[in-house]
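Here's the structure we're looking at; comments come further down.
Below, read A as the first sequence line, B as the second, and so on, with proteins coming before strands; counting in each chain starts at 1. Please read all numbers here as calculations on a predicted model, not as lab measurements.
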There are 4 protein chains.
Amino acid sequence: MSVLLTGFAPFAGETVNPSWDAIERLSTGTIAGHAVETLRLPCVFQLAAERLEEAIAATTPSVVISVGQAGGRSRIGIERVAINIDDCRHADESGAQPVDAPVVANGPDAYFATVPVKSILARLMKAGIPAEVSNTAGTFVCNHVFYLARHLAETRLPDMKVGFLHVPFSPLQAVAREAPSMSVTMMRDAVALATEVALTSNGDILLAAGSSH
Amino acid sequence: MSVLLTGFAPFAGETVNPSWDAIERLSTGTIAGHAVETLRLPCVFQLAAERLEEAIAATTPSVVISVGQAGGRSRIGIERVAINIDDCRHADESGAQPVDAPVVANGPDAYFATVPVKSILARLMKAGIPAEVSNTAGTFVCNHVFYLARHLAETRLPDMKVGFLHVPFSPLQAVAREAPSMSVTMMRDAVALATEVALTSNGDILLAAGSSH
Amino acid sequence: MSVLLTGFAPFAGETVNPSWDAIERLSTGTIAGHAVETLRLPCVFQLAAERLEEAIAATTPSVVISVGQAGGRSRIGIERVAINIDDCRHADESGAQPVDAPVVANGPDAYFATVPVKSILARLMKAGIPAEVSNTAGTFVCNHVFYLARHLAETRLPDMKVGFLHVPFSPLQAVAREAPSMSVTMMRDAVALATEVALTSNGDILLAAGSSH
Amino acid sequence: MSVLLTGFAPFAGETVNPSWDAIERLSTGTIAGHAVETLRLPCVFQLAAERLEEAIAATTPSVVISVGQAGGRSRIGIERVAINIDDCRHADESGAQPVDAPVVANGPDAYFATVPVKSILARLMKAGIPAEVSNTAGTFVCNHVFYLARHLAETRLPDMKVGFLHVPFSPLQAVAREAPSMSVTMMRDAVALATEVALTSNGDILLAAGSSH
């Protein structure tokens with residue numbers, strides 16, 4: 001029994017990516033009795049998708065949670081929905097820049113996360129970690145791998161739960177710009193707690209956490 | 001041949017709703033040869049849905065574009081996707097506060113807009129109107145009516161295009177708080193141009209306008 | 001009897017500066033019986049200072065109000081205080097980049113505006129124009145000319161009132177970036193009203209409009 | 001030889017004030033050979049001023065650095081200037097709400113900090129702590145005590161250096177709202193480093209860190 005946690009390599013000129021810095025600190029352990037498998041994805045549409053599929057095939061995890069950097073946000077974003085669109089204003093690290101291309105041809109417009117987003121939110125808040133349910137994971141590589149993993153679960157791996165977390169810049173990144181940040185230690189704790197909740201919950205709780213727009 | 005444009009009544013203690021202020025100024029005209037039908041929806045889940053359905057049934061419009069207030073945003077938001085969730089932190093004007101209820105039971109997780117969002121974006125930018133493609137219309141009444149209209153088109157009215165625009169606060173609203181605003185005249189122009197584009201375009205253009213997260 | 005209103009030329013790669021666009025629309029009129037003199041200042045420390053001093057010497061205005069662009073702000077900023085520091089992260093349009101140099105050697109650390117900032121605030125709010133009292137005009141050319149004009153009044157022209165207004169980006173500028181904007185018409189109205197209040201008020205009113213930090 | 005560090009008690013309904021949480025962690029030590037004296041000030045204009053004056057009289061510190069909460073900011077704010085105005089939109093914790101009253105009757109309009117703000121900025125950045133020079137400490141109790149301490153130094157204690165730091169919300173506070181936060185550990189480190197720099201520097205360095213507005 002295993003859980004797969006992925007982070008991303010640095011992109012857009014950054015020298016670090018806090019999503020991976022957080023995941024790396026969880027790489028030698030178990031959570032709720034599940035072996036933690038970690039994977040560092042390149043910020044490249046095609047390659048990230050391939051590596052994620054390979055890792056899922058190799059480990060058949062109970063839960064896969066991918067984590068990505070959301071520079072400018074101030075809280076852990078628990079993503080509710082992945083949409084079937086790639087649309088980039090900047091190329092990925094391989095130079096690819098899809099515009100309004102589907103993640104999966106003929107796939108549905110969107111998939112909701114199957115990890116319990118509200119239970120995760122409640123757990124993070126209880127632990128004193130600023131968090132929110134987010135209704136968009138963007139249209140870049142983060143959303144791409146989220147949609148893809150969710151599509152795999154829908155079509156071939158019905159027992160695999162899929163979730164995505166966005167993290168703010170780390171303090172080191174915020175030294176150079178005016179932007180919110182969060183300590184990598186807190187991000188690591190957030191991922192560990194979210195994973196534990198996903199592994200141990202049945203269904204989700206009702207907790208108002210929507211957005212008016 | 002007609003087009004249906006809807007705005008909302010004031011909510012959450014506001015005395016105006018710029019979405020309606022803008023729509024009202026378009027109520028006696030035609031756009032691209034189509035009679036403009038306008039409708040002021042209450043900020044109430046059930047009632048808004050009923051009135052929108054009635055108006056669509058009565059007018060069988062070629063295009064329906066709903067407009068809502070997105071206080072805090074600085075630009076016209078051309079919504080790309082409606083999701084099948086109602087989730088409110090504050091009750092609607094009737095006191096209803098659904099949490100994680102579907103807009104349509106057993107409906108798909110989401111629908112993409114069928115108006116050409118990129119063509120609309122290009123047209124607004126050409127006219128000097130700040131605008132952006134948005135990947136979330138929230139989880140309140142705005143998203144509710146957007147999803148519902150799109151579901152009607154999908155299931156019963158395949159020739160009806162559906163879109164949604166979010167507008168910032170008007171200057172009058174921003175007098176009392178620190179928030180971006182936009183003149184109602186500019187909002188009206190944005191809605192008129194978006195409608196014209198929706199009525200006259202075949203398909204959409206490719207224009208990078210995604211979000212990294 | 002005259003009033004001197006100044007705006008700035010474009011800087012930092014912009015093709016327009018809304019401060020001048022607003023002032024230009026006031027250039028052929030009178031306000032409260034005073035001839036309006038307008039002046040377009042370059043975004044250059046030394047040259048802006050020289051031209052402002054020359055214009056003040058030539059017109060001996062009752063009131064001088066300078067206006068500058070504050071990209072990113074959402075409201076008219078009625079500046080309360082000018083400080084005796086030039087400190088730039090980017091060079092001015094002549095390539096000069098002073099760091100922690102005084103505007104006026106041996107001048108006091110700061111001067112408060114002598115136009116009635118709270119009366120102006122009340123008047124703009126009454127007119128439906130989003131406005132706020134700001135406690136920093138920055139440390140670039142805007143603050144430089146504000147401090148300089150105020151120093152001239154303090155040391156040589158005790159009857160001349162001095163004020164400074166910051167304006168948001170215009171909509172045209174906000175098309176290309178995510179930032180709040182305001183119509184140039186509204187900016188023009190704000191400057192005209194502020195000028196009228198400055199010319200016709202005795203003292204200021206008490207109106208809470210501070211900042212907690 | 002001592003240094004006086006002050007934080008504030010909670011205000012405006014908060015149950016914690018991170019400025020005090022950070023200071024409290026420094027209360028049993030020395031920095032650069034100076035005994036650290038700490039003081040928790042109430043968020044009350046008159047009482048905070050009295051207690052600060054008493055503590056300064058009792059300890060005659062080489063450096064006094066006050067720290068306050070700046071909810072909404074994302075970085076450590078190294079304040080450059082204190083202004084001679086109290087102006088509150090909300091009453092202090094005793095119910096007092098001064099509007100446009102001077103901190104010190106007939107005092108100068110403002111005082112610059114005498115701690116080396118740029119050296120402190122460089123030190124914090126080197127330590128990986130997000131920080132910025134701020135040109136306004138607001139017009140509430142924070143600015144009040146900053147101005148007062150600086151006035152005491154100017155008029156009676158010329159050897160005492162005076163500075164002020166603003167800190168973001170702590171993560172605990174940000175759980176309940178959408179706002180940036182910083183760990184209290186990092187705040188404590190920032191205050192300790194700033195204090196060390198203030199105690200050991202002669203003059204300041206030149207480092208561009210101004211604001212365009």
Hey, does the side chain of [X] reach the backbone of [Y] with a donor-acceptor pair shorter than 3.5 angstrom?
| X | Y | answer |
| --- | --- | --- |
| D:N135 | C:T136 | no |
| C:S212 | D:F140 | no |
| C:R89 | D:G210 | yes |
| C:S211 | D:T139 | no |
| C:D87 | D:A209 | yes |
| D:H213 | C:C142 | no |

Atom of [X], atom of [Y] and distance for their closest heavy-atom approach:
| X | Y | answer |
| --- | --- | --- |
| C:D109 | D:F112 | OD2-N, 2.8 Å |
| C:A110 | D:A110 | CB-CB, 3.3 Å |
| D:L206 | C:D100 | CD2-CB, 4.1 Å |

### Query
When you look at CD of C:E178, are more than 12 heavy atoms from neighbouring residues, nucleotides or ligands closer to it than 6.0 Å?
no
### Query
Quick one: what part of C:A70 sits under 4.5 Å from any heavy atom of chain D, side chain, backbone, both or neither?
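For C:A70, heavy atoms of backbone and side chain both lie under 4.5 Å from chain D.
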### Message
Please classify the contact between C:E79 and chain D as side chain, backbone, both or neither, with a heavy-atom cut-off of under 4.5 Å.
### Response
neither
